[in-house]
Number of protein chains: 2
Amino acid sequence: MQSSERLNLTFAALADPTRRAILARLATGEATVTELAVPFEMSQPAISKHLKVLERAGLISMDVDAQRRPRRLETKGLKEAVDWIERYREIFEQNYQRLDALLGELQAKPSRRKRTHK
Amino acid sequence: MQSSERLNLTFAALADPTRRAILARLATGEATVTELAVPFEMSQPAISKHLKVLERAGLISMDVDAQRRPRRLETKGLKEAVDWIERYREIFEQNYQRLDALLGELQAKPSRRKRTHK
DNA sequence: GCCGTACATTACCTTTAGGTTATGTATCTG
DNA sequence: CAGATACATAACCTAAAGGTAATGTACGGC
């Protein structure tokens, strides 16, 4: 898979609060589908779908234990997302400092340029 | 807005490759809508939509310069996403080490538990 | 003042996401 | 071996995402 494609899957997976909650739960240790479903007002198939999304993104993996299918966290998928976001974080922060400087300048010597921040 | 809601918007915004490319472009400095649209085989309204998504997520902001609407990066939205992901990164990595240990143990003393990694 | 530029906005379409209920399939248990 | 348990899978629905073409609007330049 392309790096860009994996980033799509990872960020999309993280965009859902149910899935983030599942990851938070799995951070405390592995859990079965039934266990994961308990906190949510949602059917079991819905949870299974979320788990499939997380698995495709490489954020979790599955064990086989009799009729149980416990899930656990996986670092693979997250690594790349972290890398991407970290890479831009610096630039974002540099940019922020530049903006601060600019705003200071504008306050000292106002022009017709307006800033919308809605 | 709730923190969770902002995370939804931010991660969803980052999940699209066009939007990540726009952020990458803006990391080199502010740019107008027309300039941002050039690299993409996509209509201008489509780019405007993407910009609106990025703005709602707090990842960019807008200036007003005559009929131009240059965009620039904004740190606000990203900060929280970074925080979230960083917080879990540690746990993810701890978990990975625990997994390593477990796998070592399984190799030494195999059980009926299988691992699927598809 | 009129035209071109640089957008935003609207109406619309198609695909995908997230949920449901119903059902299928292993596997343990009495 | 007959449930019960723990899931996955299928069929379906609705809403939202991502795209389009057409149009509206504000501004600068000739």
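Within every chain, numbering begins at 1; the chains are lettered A, B, ... in the order of the sequence lines, protein sequences first and strands thereafter. Side chains are part of it too, since the values below use all heavy atoms of this structure and drop only hydrogens, waters and symmetry mates.
Every side chain to side chain contact (heavy atoms under 4.5 Å, CB included) that B/Ala21 has, sequence neighbours left out, goes to B/Phe40. Under the rule for a side-chain hydrogen bond (donor to acceptor under 3.5 Å, both in side chains), the partners of B/Gln44 that lie at least two apart in sequence or sit in another chain are B/Ser48. Checked against salt bridge (charged side-chain N to carboxylate O under 4.0 Å, His left out), A/Arg56 has no partners two or more places apart in sequence or in another chain. Scanning for salt bridge (charged side-chain N to carboxylate O under 4.0 Å, His left out) contacts around A/Arg6 gives A/Glu80, with sequence neighbours left out.
In this pair, A/Phe11 and B/Phe11 present their aromatic rings parallel. The plane angle is below 30°, not in the 30 to 60° band.
Residues of residues 38-46 of chain B that place a heavy atom closer than 4.0 Å to DNA chain D, in numerical order, are B/Met42, B/Ser43, B/Pro45, B/Ala46. Residues of residues 2-20 of chain B having a heavy atom closer than 4.0 Å to DNA chain D, listed by number: B/Asp16, B/Arg19.
Atom pair B/Ile60:CD1 and C/dC7:C1' shows a separation of 14 Å (rounding to whole Å applied). When rounded to the nearest whole Å, the span between CZ of A/Arg69 and P of D/dT5 equals 17 Å. Atom CG in B/Asp63 sits roughly 13 Å away from atom P in C/dA8 (whole-Å rounding). Nucleotide C/dA6 holds its C1' atom 15 Å from the CD atom of B/Glu30, rounded to whole Å. Taking atom CZ of B/Arg56 as the reference point, atom P of D/dG18 lies 13 Å away to the nearest angstrom. The nearest whole Å value for the distance from the CG atom in B/Asp65 to the P atom in D/dG28 is 9 Å. Across the protein-nucleic acid pair, A/Leu54 atom CG and C/dG18 atom P stand 10 Å apart, rounded to whole Å. Going from atom CZ of B/Arg68 over to atom P of D/dG28 covers 9 Å, rounded to whole Å.
In this model, the phosphate group of C/dA17 is not approached by any side-chain N or O of A/His50 to a distance below 4.0 Å at OP1 or OP2. A/Thr34 has no side-chain polar atom (N or O) that falls below the 4.0 Å cut-off from OP1 or OP2 of D/dT5. For the OP1/OP2 pair of D/dA8 and a distance below 4.0 Å, the side-chain nitrogens and oxygens of A/Arg71 include at least one atom meeting the criterion.
Sorted by first and then second residue, the salt bridge (Lys or Arg N to Asp or Glu O under 4.0 Å) pairs involving residues 8-28 of chain A (not counting sequence neighbours) form an empty list. Residue pairs meeting the ring-ring contact (aromatic ring centres under 6.0 Å, His included) criterion with at least one member in residues 47-73 of chain A, sequence neighbours excluded, do not occur. Judged as a salt bridge (Lys or Arg N to Asp or Glu O under 4.0 Å), not a single pair has a partner in residues 36-45 of chain B (not counting sequence neighbours).
Linking ILVMFWY residues whenever their side-chain heavy atoms come closer than 4.5 Å, directly or via other members, leaves B/Val53 and B/Leu14 in distinct clusters.
Considering only side-chain atoms of B/Ser48, the nucleotide from C/dA8, D/dT9, C/dA11 that sits closest is C/dA8. Closest to the side chain of B/Lys49, out of D/dG18, C/dT9, D/dA8, is D/dG18. When distances run from any side-chain atom of A/Gln67 to the nucleotides C/dC28, D/dT20, C/dA8, the shortest one goes to C/dC28.
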